[in-house]
Asker: 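Once you've had a glance at the structure underneath, I'll fire off some questions.
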Amino acid sequence: MVASIQEPLPFSRLASPDDRRPAYPQSLVELAYEQLLSMLVTMQIAPGAHISIEALARQLEISQTPIREALTLLEAQKLAYKIPNVGFRAAELLTRQEVHDLFELRLLIEPAAAAFAAEKANDEALRALETLAEEMSRQQTGNELAYAQFAEGDARLHQLVTAASGNRFIAETVEGLHVHLHIFRFLFQTNATAKAVQEHEAIVSALLARDTAGAEQAMRDHLLASRGRMTLALDEQERLAGAGLSPEGGGRPRSRRARKR
């Protein structure tokens with residue numbers, strides 16, 4: 001059974017194209033979803049690019065139907081979108097103004113959610129957070145697949161914290177932003193994961209200690225640091241764009257193809 005958008009697939013279950021027969025049970029939709037997620041987050045599929053269902057079916061050696069279903073899941077996460085009579089395209093990167101507005105909202109909500117979680121979270125929720133943080137620490141270095149795994153883990157950690165706050169409206173608001181995976185698209189090929197691991201550890205340590213003020217401050221520090229990393233990434237993107245290079249292509253010459261939204 002495929003996990004719903006409200007319950008993301010475990011980040012440790014992302015598949016690589018070479019994993020034709022996974023050791024764990026996995027539906028074809030899950031396989032397609034996980035592979036596409038990895039390709040989108042690491043920008044192997046460039047922002048705005050057409051997603052060829054036929055080519056992916058050949059690469060993964062599966063039919064086109066599970067790929068279409070996986071793309072529908074990714075569309076709900078705002079990582080892809082469908083154009084009638086054209087097909088699916090990868091979502092564009094966020095604009096500087098969108099990044100600013102998203103972090104403004106997150107700074108209003110998530111530190112308070114962390115404080116509530118330190119007070120209200122049950123032991124099971126705290127154990128899940130501790131386990132996830134430890135898994136992400138082991139995934140902080142590696143190849144593109146490991147990076148995508150870390151990005152999905154980051155999204156899951158923030159969802160767990162807001163869910164543990166005990167406030168359904170806070171949890172639904174943060175989840176509805178679908179922001180975490182988009183942020184990691186900007187930060188690919190940086191050392192963001194190593195820094196985020198330390199920040200996550202501070203958040204989880206405060207939660208385990210039931211330190212409401214400490215959890216609130218640790219979450220605020222994490223979001224401010226993340227916003228700072230995003231600002232640097234946006235500056236670099238604009239520098240490359242001004243030089244006629246492709247930000248998503250690691251500095252390669254920009255394609256002349258017009259990008260559609």
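On a predicted model such as this, the values are computed, not experimentally measured, just so you know.
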Asker: Take atom CZ of R227 as the centre, draw a 6.0 Å sphere, and report whether it contains more than 12 heavy atoms from other residues, nucleotides or ligands.
Answerer: no
Asker: Are there more than 12 heavy atoms of other residues, nucleotides or ligands under 6.0 Å from atom NZ of K120?
Answerer: yes
Asker: Give a yes or no answer on whether the side chain of H182 reaches the backbone of L177 with a donor-acceptor pair at less than 3.5 Å.
Answerer: no
Asker: May I ask you to decide if R68's main-chain N or O and T72's side chain share a donor-acceptor pair within less than 3.5 Å?
Answerer: yes
Asker: Could you tell me whether F116 atom CZ has more than 12 heavy atoms of other residues or ligands within 6.0 Å of it?
Answerer: no
Asker: Check whether R210 reaches the backbone of A121 with its side chain - one donor and one acceptor, N or O, closer than 3.5 Å.
Answerer: yes
Asker: Sub-3.5 Å donor-acceptor pair from the side chain of R89 to the main-chain atoms of Y81, do we have one?
Answerer: no
Asker: Test R239 against E236 for salt bridge (Lys or Arg N to Asp or Glu O under 4.0 Å), laying out the working first.
Answerer: CA-CA 5 Å; R239 184 190 70 78; E236 177 65 6; 2.7 Å; yes
Asker: Using atom types as modelled and distance alone, determine if a side-chain donor or acceptor of Y147 lies under 3.5 Å from a backbone N or O of F184.
Answerer: yes
Asker: S38 side chain to E34 main-chain N or O, any donor-acceptor pair under 3.5 Å?
Answerer: no
Asker: Counting N and O atoms only, with roles assigned by atom type, does the side chain of S165 sit under 3.5 Å from a partner on the main chain of T162, one being a donor and the other an acceptor?
Answerer: yes
Asker: For the CD1 atom of I51 and the NZ atom of K82, what is their distance to the nearest 0.5 Å?
Answerer: 12.0 Å
Asker: Should E98 and E92 be marked as a side-chain contact (heavy atoms from CB on, under 4.5 Å) after you check the CA-CA gap, both sets of side-chain angles, and the distance that decides it?
Answerer: CA-CA 12 Å; E98 288 170 337; E92 299 284 358; over 6 Å; no
Asker: Under 3.5 Å, is there a donor-acceptor pair between the Q44 and T42 side chains?
Answerer: yes
Asker: Ring-plane angle category for H222 and H200, please: parallel below 30°, perpendicular beyond 60°, tilted otherwise.
Answerer: perpendicular
